[in-house]
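A, B, ... follow the sequence lines: proteins, then strands. Residue 1 opens every chain.
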Protein chains: 2
Amino acid sequence: MPLEHSTLRALKRLLGAENVAADPCRARVYGYDASVSGYPPEAVVFPVTTEQAAGVVRLANERGFFVIPRGAGTGMTGGSVPVQGGVVLCLSRMDNILSIDAANLTADVEPGVVTGRLHREVEKLGLFYPPDPSSSDYCTIGGNVAECAGGPRAVKYGVTRDYVLTMEAVTGAGEVLETGARTFKGVVGFDLTRLIVGSEGTLAVATRVTLRLLPLPRAVRTVAAVFDTMKAAGRAVADIFAAGEVPRAIEFLDSGSLQCAEKAMNAGLPTDAGAVLLMEVDGSPGEADRQAGALAEVCQKSGARFTQTHPDSPEAKKLWAARKAVSPALFAFAPHKINEDVVVPISRIPDLVEKVEALRAETGLTMVSFGHAGDGNIHFNIMLDKSDPGQARKADYVLNQVFSTVISLGGTLSGEHGVGTTKAPYLSMEVSPERIRLMQGIKKVFDPKGVLNPGKIFPFPS
Amino acid sequence: MPLEHSTLRALKRLLGAENVAADPCRARVYGYDASVSGYPPEAVVFPVTTEQAAGVVRLANERGFFVIPRGAGTGMTGGSVPVQGGVVLCLSRMDNILSIDAANLTADVEPGVVTGRLHREVEKLGLFYPPDPSSSDYCTIGGNVAECAGGPRAVKYGVTRDYVLTMEAVTGAGEVLETGARTFKGVVGFDLTRLIVGSEGTLAVATRVTLRLLPLPRAVRTVAAVFDTMKAAGRAVADIFAAGEVPRAIEFLDSGSLQCAEKAMNAGLPTDAGAVLLMEVDGSPGEADRQAGALAEVCQKSGARFTQTHPDSPEAKKLWAARKAVSPALFAFAPHKINEDVVVPISRIPDLVEKVEALRAETGLTMVSFGHAGDGNIHFNIMLDKSDPGQARKADYVLNQVFSTVISLGGTLSGEHGVGTTKAPYLSMEVSPERIRLMQGIKKVFDPKGVLNPGKIFPFPS
């Protein structure tokens, strides 16, 4: 249903006409994300201050429309996409890096700051912001916070939640909330900061965050190891940790992703291999060299066909660019993609791979896996033509099989993409009724009228 | 008011008579913690299964008595001490290390496991559980989880919250809840695990946790640096990070703590110094040596009188034992201690130190500071005789001055001890009314009848 004229006028008064868009063409653009599911909002608003954002949410409470927070729309599970209309609250114009405090290793940023820009700005000062989702050239800190984004470096450095120290956020009731402490330790009261991180915009919308930084490691090395089978690569991952090494990244590409990446980027990846591990270590130059040598040795002992070690060179950059290119390049296989980011304990990666192989053989569907082997976070893709009902039915079957395998292996349905709308129907496979009840209770505390991002995590109506 | 006989009988039926203690002598022992504040419970119960613990909380909901969860009672803020009677739920008999999974770097433990025992058991397997509160020889994992314990190694490795992957917990309603995922990444639903960590037993009682482990670093080095003033030591800390180094621990002792530690332990600390930094680095042997050398060099440039570097030797152990001995040894100065664990941004440590010096000069009270300089977490102590009303009044004044200074410097009132009862009156100095309202709302979701640990965080009645 369209917004009432008076509501639209109130929004324009609040934000200025230049920060409100209600024409259907413009609105449609804000009705999808990288999950390619979509539903257009009635309007899009672009607050430039916290007070404006809070005003929109308060208006929503008064007049009864939904508010769908959004950053760059690079999410994979529909988290920033309307389910039944409403107003998209797009934070992209709140994109200031407010301060970088080198002495205290913190940065204060607005939610619309693109993650890759923050990386570059802090690195100029010899500092380091570790979380690095593959979409870092486009995605925003606000979206990273909402979904608790991860990325390859999580093996050593953790995920977004480990770097958010304080937050200014607008709750579902339209109140401006300050959480956390600007220090690395802080235990005063419940940890509302980490409760809001990863809550997918259903509890509150971050309007400013203080992020923890680290000193920039002086040296980075890349090690690539080529294996005949995914199983052998999985074993090598376990052997690396058993040898006491914690690289900052251990990525893997299976044969399908190798072919895709190679076609897209020409990085010199072996298209006849069963799997490649792409690893990154960092530290002092001596330590980075030592660790790169140790990884190469472990991989060789674990049956790698061969290994290559690169300094922070154009060749290494090309390999990593190829890794980042896999996800979009997969569309070479088929017009549609179902992309899941399941996680299993590291030692169970081979079991999951085996199950996927069996399902591939059983259904004949094209399936490609790649992702973060170092923390068991597998990006599992089914490439298909959804207009073919046979393929769509088979894909549903595979998805259910993979999800129940993941749960039975002690894993989780999402490592970094979140539940959004696409995984909401599967929530109860992993999460008990008591836990869902508690989550719904917390939702009510933050958002009593349910105006904030309905239909996410919990199936609509929440 | 004493428990009704029928309630006591019901508890004995539930747990077995051998796991219920109601005689006043025995109960009194469970009525205090390391904050030396006390109030005896009406009974103490020792569940040995999750179902028993849940049964006690359900009974409390039915019959209207308070439940006060407790581990080893080493807390510093009264978190495990009754405020108005009730039943102490002591988890010390649920003390099994259920499994250590070396391949997946996890351990499943019951809450009564002593932290130091877990350290030793995982280290036998070449694994590492970083959080190490000074009481690690006595305190339990359950208490560490409830308070989000930290310790010296937090500089590099973070605090308890960073290591809790899953939790089985009994909510205030007596429901058994499973939270989290056994994998390092996991973003399915709200982060209830980290909400319960640090909630001081007011939302739920952990009955089993899965902890993340790391490979055990192969080498550890200790660097001690002696300074003429605390200000110079504070500057050195900032210089260490500016040089790109992240030691695993940077502890400091001021002149008062040096004298205490030396009297207690005879570790060879210089009692005429203004401050000592005691630092620990780890990694491969080569990297640990390099980093130790780098720290010594930075400290010398920052004005250290001299530095010493030790391998993992008896001498190093003696230095660390002296550091751990400071807190109890302070009683040599006076019969009572007020012990706070405020945190300020690293660069503001000298400002706080200056304020404390001024307050010492103004009041003539004995004040001693030591603690975790690497994360700005200062253990600030006022030693006094509380029976002297003049001293008690001055101590109150100093405390208020220190707390408001900490807040104005962008810090927080507690880095690892929690709010408990002792800091509850100061909560609103740091936490806004909206945030307290949200916290109280969440409390109601988990514990609708308010049976779990009343009077903690929020002043009684909550």
**Q** For residues B:E287 and A:S284, determine if any side-chain heavy atom of one lies less than 4.5 Å from a side-chain heavy atom of the other.
**A** yes

**Q** Pick whichever of B:D162, B:T179, B:I196, B:T193 has the most heavy-atom pairs under 4.5 Å with chain A.
**A** B:T179

**Q** Under the side-chain contact (heavy atoms from CB on, under 4.5 Å) rule, collect the residues that match up with A:D447, sequence neighbours excluded.
**A** A:K443, A:V451, A:L452

**Q** Is there a side-chain contact between A:E147 and B:V187, using heavy atoms and a 4.5 Å cut-off?
**A** no

**Q** Name the option with the most non-hydrogen atom pairs under 4.5 Å to chain B; the candidates are A:R182, A:E416, A:Q291, A:R348.
**A** A:E416

**Q** Less than 4.0 Å between a side-chain N and a carboxylate O, is that true for B:R194 and A:D191?
**A** no

**Q** Which answer fits A:L177, side chain, backbone, both or neither, if we ask what part of it has an atom under 4.5 Å from a heavy atom of chain B?
**A** side chain

**Q** Do you know which of A:A102, A:G150, A:G189 has the most heavy-atom pairs with chain B at a distance under 4.5 angstrom?
**A** A:G189

**Q** Based on non-hydrogen pairs under 4.5 Å, which of A:K423, A:E434, A:H417 is most in contact with chain B?
**A** A:E434

**Q** Chain B heavy atoms under 4.5 Å from A:H372: which part of the residue, side chain, backbone, both or neither?
**A** side chain

**Q** Measuring from atom CD of A:E200 to atom CZ of B:F190, what distance do you get when rounded to the nearest 0.5 angstrom?
**A** 8.5 Å

**Q** If you define the side chain from C-beta out and look only at heavy atoms, does anything of B:V188 sit under 4.5 Å from A:I457?
**A** no

**Q** Hey, which residues of residues 239-249 of chain B are touching chain A, say heavy atoms under 4.5 Å apart?
**A** B:F241, B:A243, B:G244, B:E245, B:V246

**Q** Using only non-hydrogen atoms and a strict under-4.5 angstrom cutoff, which residues of residues 163-175 of chain B touch chain A?
**A** B:T171, B:E175

**Q** Give, as side chain, backbone, both or neither, the part of B:L427 having an atom under 4.5 angstrom from any heavy atom of chain A.
**A** side chain

**Q** Just so I understand: if I count every heavy-atom pair under 4.5 Å between each of A:P217, A:P345, A:G286 and chain B, which residue has the most?
**A** A:P345

**Q** Of the backbone (N, CA, C, O) and the side chain (C-beta and beyond), which part of B:E430 lies under 4.5 Å from a heavy atom of chain A, both, or neither?
**A** side chain

**Q** Heavy atoms under 4.5 Å from chain B: which residues of residues 151-159 of chain A carry them?
**A** A:G151, A:A154, A:V155, A:V159

**Q** Pick one of side chain, backbone, both or neither for A:T202, based on which atoms fall under 4.5 Å of a heavy atom in chain B.
**A** side chain

**Q** Between A:L413 and chain B, with a heavy-atom cut-off of 4.5 Å, which part of the residue counts as in contact: side chain, backbone, both or neither?
**A** both

**Q** Could you check whether any side-chain heavy atom of B:F184 comes within less than 4.5 Å of a side-chain heavy atom of A:N377, counting everything from C-beta outward?
**A** no

**Q** Is A:V342 in contact with chain B via its backbone, its side chain, both, or neither, using a 4.5 Å heavy-atom distance?
**A** neither

**Q** With respect to chain A, which residue among B:G283, B:A181, B:G180 yields the maximal number of heavy-atom pairs within a distance under 4.5 Å?
**A** B:G180

**Q** Can any side-chain N or O of A:N104 pair as donor or acceptor with the backbone N or O of B:S347 at less than 3.5 Å?
**A** yes

**Q** Where on B:L192 is there a heavy atom nearer than 4.5 Å to chain A: the side chain, the backbone, both, or neither?
**A** side chain

**Q** Identify which part of A:V431 has an atom lying under 4.5 Å from any heavy atom of chain B, answering side chain, backbone, both or neither.
**A** side chain

**Q** If you count heavy-atom pairs within less than 4.5 Å of chain B, which of A:L105, A:T183, A:I436 leads?
**A** A:T183

**Q** For B:L203, is it the side chain, the backbone, both, or neither that has a heavy atom closer than 4.5 Å to a heavy atom of chain A?
**A** side chain

